[in-house]
Visitor: 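Okay, handing you the structure first.
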2 protein chains.
Amino acid sequence: MGVEAGPAREPSIIDVARRAGVSHQTVSRVLNGHPHVREGTRHKVLSAIGELGYRPNRAARALVTGRSQVLGVVAPRTTLFGPVSLLAAFEEQAAEAGFTVIVARLRTFDQASTGNAVRRLLDQRVAGMAVIAPVASAIDALRELPSGVPIVTVDSGPDRLRPAVNVDQAEGARLATQHLLDAGHATVWHVSGPSDWFDAAERMAGWSDTLRRAGLEPPPVVPADWTSAAGYRAGQLLGRMPEVTAVFAANDSLALGLLRALHELGRSVPDQVSVVGFDDIPEAEFLVPPLTTVRQDFESVARQGLDLLLAQLELRDGQESRIIAPVLVERASVAPPAAQG
Amino acid sequence: MGVEAGPAREPSIIDVARRAGVSHQTVSRVLNGHPHVREGTRHKVLSAIGELGYRPNRAARALVTGRSQVLGVVAPRTTLFGPVSLLAAFEEQAAEAGFTVIVARLRTFDQASTGNAVRRLLDQRVAGMAVIAPVASAIDALRELPSGVPIVTVDSGPDRLRPAVNVDQAEGARLATQHLLDAGHATVWHVSGPSDWFDAAERMAGWSDTLRRAGLEPPPVVPADWTSAAGYRAGQLLGRMPEVTAVFAANDSLALGLLRALHELGRSVPDQVSVVGFDDIPEAEFLVPPLTTVRQDFESVARQGLDLLLAQLELRDGQESRIIAPVLVERASVAPPAAQG
DNA sequence: GGCCACATTGTTAACGTCAATATTCTCTGC
DNA sequence: GCAGAGAATATTGACGTTAACAATGTGGCC
């Protein structure tokens, strides 16, 4: 049957054309769903493709069209629940929309690393970029960069220059703080995230605004980072202050460390101290006590971010920034303050 | 100065050549570090590259060479600490080695989804693939697939057919179990992960082997998945059994749920019940009590996995499977059994 | 039955790069 | 100062695809 024993080159559009008895351009038309292909012809081509196990060469396609079906994502190199969830959701949804995703990981958010990450993605000729860089300096670095491609910032704070998708962090903080006030607490203390993170700043702002709006002067913030260790230290501090009856922790890991410190100090939660976290990590429900917290819908953030990016790519409408509302998840770590302060 | 107002086409190797006053092939030689380029020429080319902001077109390069600097990873679509850490480490190290990584996420591990994921990566003409699919069925699916490219399985169990990198899960379980026995417990109970996961099976095997080697018949396994919810349910069961004084949980999330249940049942940890987890999630140290657990070095797993893959790509030595030893992290959740059982 | 419109197919020329093959320098040795 | 051997550079031709354009077929209408 004239079988050549070649070095197993992958079949090309030409091989398919030969087998189907048409020109390679007709194959291309079938591949790209162009009109004006007779049904019988289309069928012949399709079966040739099947028999040969042909798969289009994306490099060749990208070369000739100058476009790629690749999206880049800049994401922090961390195992924090928020960024991880968001990234996974974005990757999954981009794949469903037919895009390939490449990720540039960021260990630090300084100008140089951010610039390098973006350049790496640009080197890959990505069609567009989503930036998950929840730190102001990283977003600033973007400003300096000659982009050339559409960029969306996701969960990285509002941006006057680019479309952005964000969870309303301040609103989440408001929900948490107000919930504690509504339970009857005289005021609410706050253990904050690292101050250069946008979410941390917004949560802090939402917290203090809520207090002020209730006619209260916010107590001093306990600064921390996102770790349980920092939460533990904060708890050792706050737990020794009898006037502290309600604490809003900037995320669930902090709250977890806080709970441990309060426990060690013999301060019962929620009887003596109420605690609210942020994120709703899968473990939150099973802490002692089950943690009241604020949930962010990362699926939705990812979907909106992708949609925003695609809107830019396709030059269609819907390029305005979007805000996602968080939601309070009530569990057992909040109660009215004990009668005797 | 003869500036053309074109549609801002990206500069090509030809533009660089023109600017440097050499042929495009010379530019190519400089780009690829070939010998026989005069120092002065190299310098001219390099500055032309800088002035033009030229970046090589990878699509063109991939097209002509038939190779790509892209690695594919199949990874579960989850926020579990283990897979997430491993994936992040692999991505980072691959990037350092000059490779681009694309990830195919797996929601379920059945033959069909695994096949699709692999095919998606193959469509992208990846040079090699790392598979993080800690479930037997997924690894089986690989066997059916015409690969064409080197594949390494990582943290997915030993594989007779392919090189693999794994943490010695059984050894980790042995460390945990033996540690509890050494503390004086009569036996050790086990809350297992989902039985189709390789790690879960190995940890169970390591646990029961250790008991048998100590002359003990393993008590019934409490089956669970990886979630805190399942750990909580297991704890409600085990906590009611006075003879249970030591529990090895297949991961830290399970242990966390377990701790809550024990706490609710008034069983003190570690005074009445000792608990050991697995993974050493960042929160483990701040649970009540701080959790003794087994740490896996995912950085190292990723490094070995990448190295194994590159060894195959470059047809060099070092293609044998590798095993990474886990390590016991002692904290406060283990103590000798109470005097009165 | 001839002509026109349009549907269908084919042909040719890029896209940017590297490999293979020429060509032109630049020495070295005598 | 000329041959010959390399070194250094240039020229040409793929790679697999799509776009632009050219060519052919097909039917309807008068």
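Convention: sequence-line order gives letters A, B, ...; per-chain numbering from 1.
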Visitor: Return no unless some side-chain N or O of A/Thr65 is found under 4.0 Å from OP1 or OP2 of C/dC15.
Guide: no
Visitor: Rounding to an integer number of Å, can you tell me how far B/Gln69 CD sits from C/dC18 P?
Guide: 12 Å
Visitor: What's the closest nucleotide to the B/His24 side chain, out of C/dG10, D/dT12, D/dA8?
Guide: D/dT12
Visitor: Under 4.0 angstrom, heavy atoms only, what part of the nucleic acid is B/Pro56 near: base, sugar-phosphate, or nothing?
Guide: sugar-phosphate
Visitor: Side chain of A/Val64 only, please: which of D/dA19, D/dA8, C/dC15 is the nearest?
Guide: C/dC15
Visitor: Whether B/Arg58 contacts C/dG16 is assessed here as follows: a side-chain N or O lying under 4.0 Å from the phosphate OP1 or OP2. Is that the case?
Guide: no
Visitor: What nucleotide among C/dT17, D/dT17, C/dT9 has an atom nearest to a side-chain atom of A/Arg38?
Guide: C/dT9
Visitor: As a test of reading the structure: which of C/dT17, D/dA10, D/dG16 is closest to the side chain of B/Arg61, going by heavy atoms?
Guide: C/dT17
Visitor: Measure CD/B/Glu10 against P/C/dA14 and give the value in whole Å, please.
Guide: 21 Å
Visitor: Roughly how many Å is it from CD1 in B/Ile13 to C1' in D/dA10, rounded to a whole number?
Guide: 13 Å
Visitor: Name the closest nucleotide to the A/His36 side chain, picking from C/dA7, C/dG16, C/dC18.
Guide: C/dA7
Visitor: Can you find a heavy atom in the side chain of B/Asn57 that is under 4.5 Å from one in the side chain of B/Glu10?
Guide: no
Visitor: Between B/Arg77 and A/Glu299, does any NZ, NE, NH1 or NH2 come within less than 4.0 Å of an OD or OE carboxylate oxygen?
Guide: yes
Visitor: Less than 4.0 angstrom from a charged side-chain N to a carboxylate O is my criterion; do B/Asp15 and B/Arg18 meet it?
Guide: yes
Visitor: Less than 4.5 Å apart, side chain to side chain, heavy atoms only: is that true for B/Ile49 and B/Leu46?
Guide: yes
Visitor: Side-chain N or O of B/Ser28 less than 4.0 angstrom from OP1 or OP2 on C/dC18?
Guide: yes
Visitor: Pairs under 3.5 angstrom only: tabulate donor-acceptor contacts from the side chains of residues 34-42 of chain A to other protein residues two or more places apart or in another chain.
Guide:
none

Visitor: What distance do B/Met129 atom CE and B/Arg162 atom CZ have between them, rounded to the nearest 0.5 Å?
Guide: 8.0 Å
Visitor: Looking at CG of B/Leu71 and CD of B/Gln124, how far apart are the two atoms once the value is rounded to the nearest 0.5 Å?
Guide: 13.0 Å
Visitor: CZ of A/Arg67 versus P of D/dT17: gap in Å, rounded?
Guide: 16 Å
Visitor: How many whole angstroms separate atom CZ of A/Arg9 from atom P of D/dA14?
Guide: 13 Å
Visitor: Measure from the side-chain heavy atoms of A/Leu63 and tell me the nearest of C/dT9, C/dC15, D/dT17.
Guide: C/dC15
Visitor: Expressed as a whole number of angstroms, how long is the span from A/Asp123:CG to C/dT17:P?
Guide: 12 Å
Visitor: Please round to 10 degrees the angle between the axis of the first five pairs and the axis of the last five pairs in the helix from C/dG1-D/dC30 to C/dC30-D/dG1.
Guide: 40°
Visitor: Whole angstrom is fine here: how far is it from CG in A/Leu52 over to C1' in D/dG16?
Guide: 14 Å
Visitor: Report the distance from atom CD of B/Glu96 to atom CZ of A/Arg105, rounding to the nearest 0.5 Å.
Guide: 13.0 Å
Visitor: Nearest nucleotide by nearest heavy atom, which residue falls closer to the 5' end of DNA chain C, B/Asn32 or A/Thr26?
Guide: A/Thr26
Visitor: Report the nucleotide, chosen from C/dT11, D/dT18, C/dA19, that has the shortest atom-to-atom distance to any side-chain atom of B/His34.
Guide: C/dA19
Visitor: To the nearest Å, how far apart are A/Asn57 CG and C/dT17 P?
Guide: 16 Å
Visitor: Could you work out which one of C/dC18, C/dT17, D/dT18 sits closest to the side chain of B/Ile14?
Guide: C/dT17
Visitor: Would you say the base of C/dA19 and the side-chain of B/Arg29 have a donor-acceptor pair closer than 3.5 Å?
Guide: no
Visitor: Nearest nucleotide by nearest heavy atom, which residue falls closer to the 5' end of DNA chain D, A/Val27 or B/Arg42?
Guide: B/Arg42
Visitor: Between A/Gln25 and B/Tyr54, just flag the one whose closest nucleotide in DNA chain C comes earlier from the 5' side.
Guide: A/Gln25
Visitor: What is the distance from atom CG of A/Leu313 to atom CG of A/Leu308, rounded to the nearest 0.5 Å?
Guide: 10.5 Å
